[in-house]
Every structure is written in structure tokens, then in C-alpha cells.
Amino acid sequence: MDSRGYFVKRCAMMLAGILFISICVGCYRLSGFGVDAFTCMNLGISGYIGMSFGTWQLIMNIAILIVVFFTVRRCIGAGTIVNMVCVGYGADLICWLVQDVLHVQTTLPFRIVMLILGCLFAGLGVAFYMVAEMGIAPYDSVALILQKWAKSKIPFHFARIATDVVCVLTGVIFCLVSGDSVWMIVGIGTIINAFFNGPLIQFFRTHVTEPLLHGRPQEQITFDIMQEKKKK
């Protein structure tokens, strides 16, 4: 595969990953079993101030992006911008279609299906997004910023756990203050996301996204040789 075709494939995978992440967030919200940590915080705050989830998430992403620009600028790419703009509004669109257009009844079986789909699309979306290597979401950079600030004394996974805990606590506090139901943003879905998202991402990267991007090993070897020749 030539370099142009490889770039086009990476772009397509980046966009697919962001679409899957939007579906993931929408499914988590429709399940009513809790959402991921960053979504939890943004839902809590947006509900408190009376702003749409998509708009508030965009504001938060812009604020974090400014910090990322001055700390771990290498994490910024085209995928960063598309992610921060599209995921929140994409999730809003999915919830609107299901609840207001299709008027789907949120029965327990429906909520369970949404929870399962949310988990699967979370792992699949991030796997597509990461393998494309076209920038990561601003929130995903926060743990890297903490790690850099601590001069690598704090391992990445501990830094990520810390940011997730802070986000969940923030979302819960704003939910309680506004009188909304905490269990709509924190629940079994939050726990499942924390424990199973990593393994699912690794599974999809190994068996789906990396083979899809690189194809046969020989194709990747050829591409690597081509890149080395360009550097000389």
C-alpha cells in the first residue's frame, strides 16, 4: 500500500472510531446504568447549569486542549479536534433519535442491550481511534500531563484512575446539588467501563483494527521500508 492510501485508511479509521465513541456514549446514557467518568462529570455539570451535554463537553474539551497545547502538544492531531467537537453532539443526536423521534420505551431489556452495546462500542471506538494515530481526545491527555508533572513518578494507569475518580466525584456533586438522579450517570455501567474497557480495547486492537490498518505483515514491512527511504 502506498503512503497516500495508508493515510486515507488512517483517516477513515479515525472517523469510524469517533463515530463508535459517539454511539458508545449515547448507549450508556440510554441504558441509565451509568456512564464513563468524563461523561459523568459533563452530564452532572451540564444538568446543573442547564446547558446541552454536547455544548458543555465542547467547552470542557477546549479548556483542556489549551492546557494540552502547552504541556503535551504531541498528543494533538486532526482526531483531537474531530473528537472534541463531534462526540458530545453525536451522543445528543442518538439520544434524541431514540427518545424523541422513535419514542422507544426504555424497558429493562432495552437498557441492558444499550449497556452491552455501550461497552462494545467503547472498546471498538478507542481501538480504531488509537491505531489511526491522528491525535487523542483532550481528556485522554490529562493522565499524560499528570505523569509529566510528576516526572514519571506516577505510572500512567494510576494517573488515569485519579482523573477518572475526580471526574466521577465532580459529576456526583453537581447531580446532588441540582437534585438530579445520581444513578443516571453513576452505576454498573461506570464500573464495567472502568474494568473492561482496557481489555476490550486491547482485544479489538489485536484482532480487528491493527490487522485492518496494516493488512498482511508484508504490507507493513514494505511501508516501513518506504518511510525509511524517505528519511534518507
Side-chain angles (χ1 to χ4, degrees), residues 1 5-31 33-40 57 61 74-91 93-95 111-144 155-161 163-164 167 187-221 223-224:
M1 181 187 296
Y6 186 75
F7 176 75
V8 170
K9 183 179 282 191
R10 286 173 59 211
C11 288
M13 292 185 71
M14 178 267 289
L15 293 173
I18 291 171
L19 173 61
F20 292 149
I21 293 170
S22 298
I23 295 172
C24 149
V25 175
C27 287
Y28 272 137
R29 289 171 59 183
L30 290 169
S31 75
F33 285 123
V35 294
D36 64 275
F38 190 55
T39 303
C40 171
Q57 177 143 306
N61 276 323
R74 69 182 186 278
C75 294
I76 300 175
T80 306
I81 307 303
V82 177
N83 182 290
M84 61 185 283
V85 173
C86 296
V87 169
Y89 288 119
L93 176 63
I94 291 166
C95 291
R111 293 173 60 199
I112 292 173
V113 170
M114 289 297 101
L115 176 60
I116 295 171
L117 289 177
C119 292
L120 292 175
F121 278 114
L124 188 61
V126 175
F128 267 89
Y129 190 69
M130 289 178 65
V131 169
E133 293 184 342
M134 298 190 71
I136 62 177
Y139 176 68
D140 292 332
S141 303
V142 175
L144 293 174
F156 174 79
H157 58 282
F158 286 141
R160 182 58 187 249
I161 290 171
T163 59
D164 284 349
C167 284
I188 190 172
T190 311
I191 297 171
I192 290 175
N193 181 271
F195 284 97
F196 291 98
N197 199 30
L200 280 173
I201 292 170
Q202 187 58 43
F203 173 83
F204 285 125
R205 284 190 65 177
T206 303
H207 299 285
V208 179
T209 58
E210 288 183 354
L212 184 61
L213 178 62
H214 301 308
R216 295 176 300 166
Q218 183 60 41
E219 290 179 350
Q220 180 59 23
I221 292 170
F223 177 76
D224 290 342

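Each residue takes its place number in the sequence, starting with 1.
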ask   = From R74 CZ over to S141 OG, what is the distance, rounded to the nearest 0.5 angstrom?
value = 8.5 Å
query = Which heavy-atom pair separates T209 from M13 by the least distance, and what is that distance?
reply = O-CE, 3.4 Å
ask   = Can any side-chain N or O of Y6 pair as donor or acceptor with the backbone N or O of L213 at less than 3.5 Å?
value = no
ask   = With sequence neighbours left out, which residue pairs that include part of residues 132-144 fulfil the salt bridge (Lys or Arg N to Asp or Glu O under 4.0 Å) condition?
value = D140-R160
Residue pairs passing the salt bridge (Lys or Arg N to Asp or Glu O under 4.0 Å) test where at least one lies in residues 113-125, sequence neighbours excluded = none
ask   = Who are the side chain to side chain donor-acceptor pair (under 3.5 Å) partners of R205, not counting sequence neighbours?
value = E210
Pair up each side-chain donor or acceptor in residues 117-126 with any protein partner under 3.5 Å, not counting sequence neighbours, and list the distances.
none

request  = Can you measure from OH (Y28) to CD1 (I23) and round to the nearest 0.5 angstrom?
outcome  = 13.5 Å
query = Taking all non-hydrogen atoms of both residues, which atom of C11 and which atom of M134 are closest, and how far apart?
reply = SG-CE, 3.6 Å
message = For C27 and L115: C-alpha separation, side-chain torsions, deciding distance, then whether side-chain contact (heavy atoms from CB on, under 4.5 Å) applies.
response = CA-CA 6 Å; C27 287; L115 176 60; over 6 Å; no
key: I188 CD1: over 12 foreign heavy atoms closer than 6.0 Å   = no
task = Under the side-chain contact (heavy atoms from CB on, under 4.5 Å) rule, collect the residues that match up with V8, sequence neighbours excluded.
result = none
message = Going by side chain to side chain donor-acceptor pair (under 3.5 Å), name the residues that satisfy it together with T39, two or more places apart in sequence or in a different chain.
response = D36
request  = Kindly say whether A143 contributes a backbone atom to a donor-acceptor pair with the side chain of T163 at under 3.5 angstrom?
outcome  = no
ask   = Taking C-beta and beyond as the side chain, do V25 and V87 meet within less than 4.5 Å on heavy atoms?
value = yes
ask   = What residues, two or more places apart in sequence or in another chain, satisfy side-chain contact (heavy atoms from CB on, under 4.5 Å) together with I191?
value = F195
request  = Output the distance between atom SG (C24) and atom CD1 (I18), rounded to the nearest 0.5 Å.
outcome  = 13.0 Å
key: Heavy-atom pair with the smallest gap, counting every atom of R10 and A132   = NE-O, 2.8 Å
request  = Can you run down the side-chain hydrogen bond (donor to acceptor under 3.5 Å, both in side chains) pairs that involve residues 75-90, sequence neighbours left out, and say none if there aren't any?
outcome  = T55-Y89
key: Over all atoms of both residues, closest heavy-atom pair of L212 and K9   = O-NZ, 3.1 Å
ask   = Taking atom SG of C86 and atom CG of L19, what is their separation to the nearest 0.5 Å?
value = 10.0 Å
task = Using the test side-chain contact (heavy atoms from CB on, under 4.5 Å), find all partners of L30 that sit at least two apart in sequence or belong to another chain.
result = I94, C95, V98, Q99, F110, M114
query = For C167, what residues pass the side-chain contact (heavy atoms from CB on, under 4.5 Å) criterion, not counting sequence neighbours?
reply = A37, F38, M41, Y139
request  = Check F33 against R111 and note the closest heavy-atom contact, atom names and distance.
outcome  = CE2-NH2, 3.4 Å
query = Does F128 have any ring-ring contact (aromatic ring centres under 6.0 Å, His included) partners at least two apart in sequence or in another chain, and if so, which?
reply = F20
